[in-house]
There are 2 protein chains.
Amino acid sequence: MIFHSSTALPTEAEKYLSIGVESMSITIKDVAAKAGVSVATVSRVINSKGYISDQTNQKVKAAMIELNYKPNIAARTLQGKSTATIGIIVPSLENPLYSELFECIEKELYKRHFQTLLCTSNNQIQKEKNYLSLLEANRVEGIISSSHSKVLEEYKETALPIISFDRKISSKIPTVRGDNYAGGKMIALEIVKRHKKNVLILSGSKEDLSPGNDRIKGITQVLKEKRISFTTAALPFERAPIVKKELAKKAINMDTFDAIICTDDLTALIVCDLTKKLTTPPLVTGYDGSSFIRAYHPELVTIEQPIQEISELLVELLVQKVEHPLIELEAEYVLAVKLVGKSEFN
Amino acid sequence: MIFHSSTALPTEAEKYLSIGVESMSITIKDVAAKAGVSVATVSRVINSKGYISDQTNQKVKAAMIELNYKPNIAARTLQGKSTATIGIIVPSLENPLYSELFECIEKELYKRHFQTLLCTSNNQIQKEKNYLSLLEANRVEGIISSSHSKVLEEYKETALPIISFDRKISSKIPTVRGDNYAGGKMIALEIVKRHKKNVLILSGSKEDLSPGNDRIKGITQVLKEKRISFTTAALPFERAPIVKKELAKKAINMDTFDAIICTDDLTALIVCDLTKKLTTPPLVTGYDGSSFIRAYHPELVTIEQPIQEISELLVELLVQKVEHPLIELEAEYVLAVKLVGKSEFN
DNA sequence: GTGAAAGCGCTAACAT
DNA sequence: ATGTTAGCGCTTTCAC
C-alpha cells in the first residue's frame, strides 16, 4: 500500500517492517499462522460459519485481536460477497434539507448494517456523472439519488437499483417525494387567509424536473382561482447566498408586495432579512421545513416535508429492490406535507 | 451479487440473465472477449500503461462503452493498488460548521482524485468506533477526524495516517484548528469594548478535549483581567435544540445579564431567539462563523473559523502523510480566527 | 472439526 | 504490441 510498486520487493517491505513501519496490512494468513490453524478456519471464525471447536474459536479470536486484524473488504467483495454499501447522491449539504436527509438515511442504513457512500454533486453535471460511475465501480448495492435533470440518461443506463428523491428520473425508477402540488396550494391558501393582495413568487431556476415546478403550479392554481394578482420571478437557487440576495433585491423592488412566496427556505431567509426593516414587511413564505429551520426559525411560514418518513421509505424501498431485484414498486410515493410556522398574522 | 449464494449455480445465473436481469457484473474478461484481445491488453487500456496500438485501443474502448463496463475497484485494490479513499469522521452534519467542513474537504479531495467516505458518529462512542474499524476494513488511505475524546485509544492503535480537526488525539497525530484561545479573548474584548458588566458564559458540555475549553480560558482570562463579573453555566451542546432551549431558559433567568457568551453559533441562535423580546436584549455572541451563519445571520457577533483554509490544510497534510509515511509533521497547526458580525452596538 | 485448493477481477511481470 | 500467468485476501467446496 505504501511502497511504490516498482521497488516493492518483499525484502524491501520486510526491511521497512523491521524498522517499525508496520503498515503492510495484516491478512488472514498472519492470523492463521499466529493461531496455528489454516486460513479456512480463520474464515469460518470470521463468518461464524460451519463447525469450529470452542478451543480453536478462542485461539483465532485472540490472534485477531492481538494483531488488530480487520478483514479486507475488497477481498470478500471480490469473491462475491455483497459490499453492503449504498450510494447517496445529493446536490449539496449547504441546504439543511439535504444534510438532514443524509443524516436520516445514514441512520436508517446504519441500523440495517449498510455503509453509505455520500456523493455531493454541487450541481455540477460532470461531477454527478463521475460519482455515479464511481458508485458503480465500487459495486454499491444500490443508489438513492436527488438527481440533476441533465444526468438522467446515465441513471437509466445503470443496472443498479435506484430510488429517487423528489425527481422523476424515469418510469422505471421509483420516486419518493413530498406532495409539492398540495404544498403549493397550502401556501397559497395561507396567503388568501391573510388577505394578501399583491404577491411575488420567487421560483428557483426553472430546470425541467425541479420539484419547484409543481409547487408553483399549486400556488398559481389557487391564486388564480381566488383572483389574487401575482408576479413571478426566477431566482437561481443554487447560487451563492450573496448573489441570490442581490437578485432578490431587484425582484422585490419591482413593486410593493404584501407577500413573497419562495420555493425554498433559504431563499425565504434572505428575503426576510431584506424586508424586515420595511415599515410593513410582507409575509414571506418558504418551503421544506427542515428541522434546522423549524428549530432556529420557528416563525417562518413554510411547508414541512416529512424528511424522516421520506428517508425511511427511501431506504426501505431500496433495500427491497436490492434484495428482490424483480420486485415491482410503485412509480411514485407521495407523502403528505404540512404548513408550519407563525400561525397568526405576520 | 444478487443471487443468494446458496443456490447461485452458474446455470441459475444464466437463466436469470437470459430473461433479462443483466445484473451480473461485466468483467474485464467480457470486454476482452468482445474486443477480441486478452485481458492484459484491456488492463493496459484502462490504465493507459505500456504499448497499445491505436487500433486495439479503439476496439477496446468501444467494447467497454458498449458493455457499460466499470472496472471493479475491489479487484484492483486487492492486488495492491491504492483505494484512493479518505475517511472523514465528524459528529454530525446538523451543525453547519461540520457540513461545510465536509464540503470543503470533499472538494479538495475530489480535485486530487480521492474519494471520500463520510462517517457521522452522532456523538455515539460505539458508532465512532465501528466506523473507525470500517474505515480500516475498507483500506482507506487515511483519516480526517473530529474525534470524540472517548475513542482516543482506538485512534492510537490505528496504523493509518490520521489528521485531527480541533482536538488533540495524541502527540503523534497532528491537529489542525482555529486559535480557540485567541478567539475567546476576542469575544471577551468585544464584551469589554461594549461596556458590558454582567456576563453569562454558556459553555458546551465539559468534555475533556472539547475545543470549547480553550475558548472559555481565553474569555475568562480577559474578563478577570478587566474585572468584569461573569457566571458560567454548562449546556450539553450535542442535545436536541428544544432541550437546549429549555436549559438555556433556566440559565438565563438566573440573573439579568447584559451579555451572553455561547461557545457555538447554534446555541447563540437559540439564546438570541429567547432574549430578543426583552426590553433591553443582551449582547449574544457565538462561535464558529460558518458561511451559513455569516450568510443567514450576518448580524450575529461570532468568531469566524477559517473553514476553507482548515480544510485545505487538513487535506494537504493528510496527503503528505499518505504519500510519505515517514514524514515528520508539526503536532499542531493553529490558524488565525477573526471576530465578525454587527460591528457597532447590540 | 479442519485443511487444501480453486477462483473472484484485476494488474504486472515475463514471454513472445 | 500483445498474450500468458501468478497472485493480491478472502470464501467455499471438497477431502480428510
Side-chain angles (χ1 to χ4, degrees), chain A residues 1-10 13 24-33 35-60 63-64 67 69-84 136-139, chain B residues 1-10 13 24-33 35-60 63-64 67 69-84 136-139:
Chain A
M1 220 157 199
I2 270 160
F3 310 103
H4 299 284
S5 39
S6 48
T7 57
L9 308 172
M24 300 242 45
S25 282
I26 305 293
T27 77
I28 198 170
K29 275 188 194 167
D30 302 315
V31 177
V37 298
S38 76
V39 291
T41 304
V42 177
S43 176
R44 285 188 191 101
V45 172
I46 294 170
N47 301 288
S48 341
K49 228 179 189 174
Y51 299 93
I52 3 138
S53 76
D54 243 25
Q55 205 196 348
T56 314
N57 198 11
Q58 304 291 310
K59 270 195 304 187
V60 172
M64 297 199 312
L67 296 173
Y69 166 74
K70 317 273 170 181
N72 186 327
I73 287 187
R76 62 199 322 178
T77 298
L78 190 54
Q79 67 63 59
K81 302 287 257 199
S82 131
T83 55
E136 299 184 68
N138 276 283
R139 300 298 189 266
Chain B
M1 215 156 203
I2 269 159
F3 311 102
H4 299 284
S5 39
S6 49
T7 57
L9 310 172
M24 300 243 44
S25 282
I26 305 293
T27 79
I28 199 170
K29 276 189 194 167
D30 301 316
V31 177
V37 297
S38 75
V39 290
T41 304
V42 177
S43 177
R44 284 188 191 102
V45 172
I46 294 169
N47 301 288
S48 340
K49 227 179 191 175
Y51 301 94
I52 3 138
S53 78
D54 243 26
Q55 207 198 345
T56 314
N57 198 9
Q58 304 291 310
K59 268 194 306 187
V60 172
M64 297 197 316
L67 296 173
Y69 166 74
K70 318 274 171 182
N72 186 328
I73 288 187
R76 64 198 322 177
T77 297
L78 190 53
Q79 63 69 55
K81 301 291 254 199
S82 127
T83 56
E136 298 185 68
N138 276 282
R139 299 299 188 268

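What you see is a predicted model; the values in this text were computed from it and never measured.
- Between the CG atom of B:N47 and the P atom of C:dA13 there is a distance of 13 Å, given to the nearest Å.
- Atom NZ in B:K29 sits roughly 10 Å away from atom P in C:dC10 (whole-Å rounding).
- Contact record, A:D30 with A:T27: OD2-N, 2.8 Å, taken as the closest heavy-atom pair.
- Between D:dC8 and B:K81, no contact under 4.0 Å exists linking OP1 or OP2 to a side-chain N or O.
- Of all non-hydrogen atoms in B:A35 and B:A63, the two that sit nearest each other are CB-CB, 4.0 Å.
- Ranked by how close their nearest DNA chain D nucleotide is to the 5' end, B:G50 and B:L78 are led by B:G50.
- Applying the 4.0 Å criterion to OP1 and OP2 of C:dT2, one finds that A:S53 has a side-chain N or O inside that range.
- The side-chain heavy atoms of B:R76 and B:N47, taken from C-beta on, include a pair separated by under 4.5 Å.
- For B:T27 and C:dC8, the shortest distance from a side-chain N or O to OP1 or OP2 is not below 4.0 Å.
- With sequence neighbours left out, the salt bridge (charged side-chain N to carboxylate O under 4.0 Å, His left out) criterion links B:K59 to no other residue.
- Checked by atom type, the side-chain pair B:T77/B:R139 shows no donor-acceptor distance below 3.5 Å.
- Here the side chain of A:I28 is nearest to one of C:dT11, D:dG9, C:dT2, namely D:dG9.
- Rounded to whole Å, atom C1' of C:dG9 lies 17 Å from atom NZ of B:K70.
- Of the side-chain N and O atoms in A:Y51, none sit less than 4.0 angstrom from OP1 or OP2 of C:dG3.
- Here C:dT2 presents its C1' atom at 13 Å from CG of A:N57, a figure rounded to the nearest Å.
- To the nearest angstrom, P of D:dG9 lies 11 Å from CD1 of A:I26.
- Between B:N72 and C:dC8 there is no side-chain N or O to OP1 or OP2 distance below 4.0 Å.
- Not a single side chain to side chain contact (heavy atoms under 4.5 Å, CB included) links A:Q58 to another residue, sequence neighbours left out.
- Of the residues B:V39, B:T41, B:N72, B:V45, the one that meets the side-chain contact (heavy atoms from CB on, under 4.5 Å) test with B:I28 is B:V39.
- Judged by closest nucleotide on DNA chain C, A:V37 is the one of A:V37 and A:A75 placed further toward the 5' end.
- Looking at every heavy atom in both residues, A:Y69 comes nearest to A:V31 through CG-CG2, 3.6 Å.
- Remark: P of D:dG3 and CD1 of B:I52 are 12 Å apart, rounded to the nearest angstrom.
- Within residues 39-46 of chain B, the residues approaching DNA chain D are B:A40, B:T41, B:R44, by heavy-atom distance under 4.0 Å.
- Every residue two or more places apart in sequence or in another chain was checked for a side chain to side chain donor-acceptor pair (under 3.5 Å) with A:R44, and none qualifies.
- One atom, CZ of B:R76, and another, C1' of C:dC8, lie 16 Å apart when rounded to the nearest Å.
- End-to-end axis angle for the helix from C:dG1-D:dC16 to C:dT16-D:dA1, using five pairs per end and rounding to 10°, comes out at 40°.
- If you take NZ of B:K49 and P of C:dC10, they are 15 Å apart, rounded to a whole angstrom.
- Listed by chain and number, the residues in a side chain to side chain donor-acceptor pair (under 3.5 Å) with A:T56 are A:S53 (sequence neighbours excluded).
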